[in-house]
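Presented below is the structure to which this report refers.
In this text the structure is predicted, and so the values were computed from the model without any measurement. For the numbers below, each heavy atom of this structure counts, side chains included, while hydrogens, waters and symmetry mates do not.
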Amino acid sequence: TTLTSFALATANRLDADHPVRRLLHHCFHTVLIGNREVAEFQVGRPRGFSSAIFSHEPSVLVHMADDHIARYDFWDFEPETQFARRGTTETPFAYPYRDNVLRLWAPTAAYVEDYLRLYYPDDAGVAADPQLALWTAELDRLLPHSVTRPDRPVSFRWLARLCATLIHVSTVEHDVLNNVVWNYSTLSWIVPTVAPLSGEDMDQRR
């Protein structure tokens with residue numbers, strides 16, 4: 001839902017040399033193969049991954065996906081917003097996931113702000129970019145509940161947080177899901193998921 005919408009809007013509304021397109025382009029490298037894999041192998045087929053793991057019929061899985069997308073909000077993925085909405089910005093117990101995510105989020109957000117500041121000195125600069133206006137409108141059309149709203153007006157900070165969140169989702173969160181949660185990854189000989197205390201390479205047979 002996220003990467004496909006951004007890939008379409010970015011390719012269709014921003015020129016190849018537009019600074020925002022250059023900033024985000026690397027996030028889209030696996031969109032097409034990922035969509036094919038998800039649609040055909042994970043959700044759509046009777047013997048797909050999701051059907052095998054969760055024991056639901058494909059039609060039920062599609063219904064569950066539709067239900068989730070109906071409640072989808074892009075800004076749930078912005079780390080600070082995510083923890084605030086969950087009431088877990090501070091907790092009386094250890095919460096390593098939050099702490100690790102925020103440590104990784106901080107340099108991403110700072111980098112994106114520094115980069116965009118080279119092209120947009122202020123809110124007026126963002127508002128004056130006609131391609132950004134078309135891009136924003138396309139994102140609002142493609143994404144459930146849109147990315148702009150009264151509490152999220154288009155501004156320099158909005159643009160920086162939008163871009164940083166997309167980068168965060170396509171790198172940090174994607175890596176957490178693929179290479180930490182699923183520690184039986186079939187690509188473990190390429191992306192190690194177990195680090196032996198001895199320092200030796202992980203046994204490929206795992």
> What distance do T148 atom OG1 and W158 atom CH2 have between them, rounded to the nearest 0.5 Å?
Replying inline: 6.5 Å

> Side chain of S170, backbone of I167: donor and acceptor closer than 3.5 Å?
Replying inline: yes

>> Show the nearest heavy-atom pair for residues A109 and R161, with the distance to one decimal.
In response: CB-NH1, 4.4 Å

> Which residues pass the ring pair (Phe, Tyr, Trp, His ring centres under 6.0 Å) test with Y95, sequence neighbours left out?
Replying inline: F83

> Less than 4.0 Å between a side-chain N and a carboxylate O, is that true for R103 and D99?
Replying inline: no

> Quick check: does any side chain N or O of H145 sit under 3.5 Å from a backbone N or O of A70, one acting as donor and the other as acceptor?
Replying inline: yes

> Is there a path of hydrophobic side-chain contacts, each under 4.5 Å between heavy atoms of I, L, V, M, F, W or Y residues, that connects F77 with Y97?
Replying inline: no

> To the nearest 0.5 Å, what is the distance between CG (D15) and CZ (R22)?
Replying inline: 11.0 Å

>> Minimum heavy-atom separation for V126 and V154, please, with both atom names.
In response: CG1-CG1, 3.9 Å

> With a 4.5 Å limit on heavy-atom distance, are the side chains of L23 and P19 in contact?
Replying inline: no

>> Once ring pair (Phe, Tyr, Trp, His ring centres under 6.0 Å) is applied, do any residues pair with Y115, and if so which ones, sequence neighbours excluded?
In response: Y119

> Can you list the steps and then say if R149 with D73 is a salt bridge (Lys or Arg N to Asp or Glu O under 4.0 Å)?
Replying inline: CA-CA 11 Å; R149 57 194 69 165; D73 182 353; 3.2 Å; yes

>> As an exercise, state the distance from CZ of F28 to OG1 of T4, rounded to the nearest 0.5 Å.
In response: 10.0 Å

>> My understanding is that only residues two or more places apart in sequence, or in another chain, count here; which of them pass ring pair (Phe, Tyr, Trp, His ring centres under 6.0 Å) with Y120?
In response: none

> Excluding sequence neighbours, so at least two apart, what forms ring pair (Phe, Tyr, Trp, His ring centres under 6.0 Å) with H18?
Replying inline: none

>> Testing the basics here: between L134 and R13, what is the closest heavy-atom pair and its distance to 0.1 Å?
In response: O-CG, 3.8 Å

> Should T10 and E138 be marked as a side-chain contact (heavy atoms from CB on, under 4.5 Å) after you check the CA-CA gap, both sets of side-chain angles, and the distance that decides it?
Replying inline: CA-CA 9 Å; T10 302; E138 188 77 344; over 6 Å; no

> About how many Å separate OG1 of T108 and CG of L166, when rounded to the nearest 0.5 Å?
Replying inline: 11.5 Å

> Parallel, tilted or perpendicular for W105 and H168, by the 30°/60° rule?
Replying inline: perpendicular

>> Please give me the minimum heavy-atom distance between P79 and L102, naming the atom from each residue.
In response: CB-CD2, 4.0 Å

>> Under 4.5 Å side-chain heavy-atom separation, chaining through any Ile, Leu, Val, Met, Phe, Trp or Tyr, what else clusters with L8? Say none if it is isolated.
In response: L142

> Can you tell me if T91 and R98 form a side-chain donor-acceptor pair at under 3.5 Å?
Replying inline: yes

>> With rounding to the nearest 0.5 angstrom, report the CG to CG distance, L116 to L162.
In response: 10.0 Å

> Between Q131 and L14, which heavy-atom pair has the shortest distance, and what is it?
Replying inline: OE1-CA, 3.3 Å

>> To the nearest 0.5 Å, what is the distance between SG on C27 and CG on L3?
In response: 7.0 Å

> Taking all atoms of both residues into account, what is the closest heavy-atom pair of R152 and V147, and its distance?
Replying inline: CB-O, 4.0 Å

>> Checking R86 now: which residues fulfil salt bridge (Lys or Arg N to Asp or Glu O under 4.0 Å) with it, not counting sequence neighbours?
In response: none

>> Using side-chain heavy atoms (C-beta onward) and a distance below 4.5 Å, is Q82 in contact with T88?
In response: no

>> Quick one, W75 with R85, criterion side-chain contact (heavy atoms from CB on, under 4.5 Å). Give me CA distance, side-chain angles, the key distance, then yes/no.
In response: CA-CA 10 Å; W75 295 105; R85 289 179 176 178; 4.2 Å; yes

> Relative to each other, are the rings of F6 and F74 parallel, tilted or perpendicular (30° and 60° limits)?
Replying inline: tilted

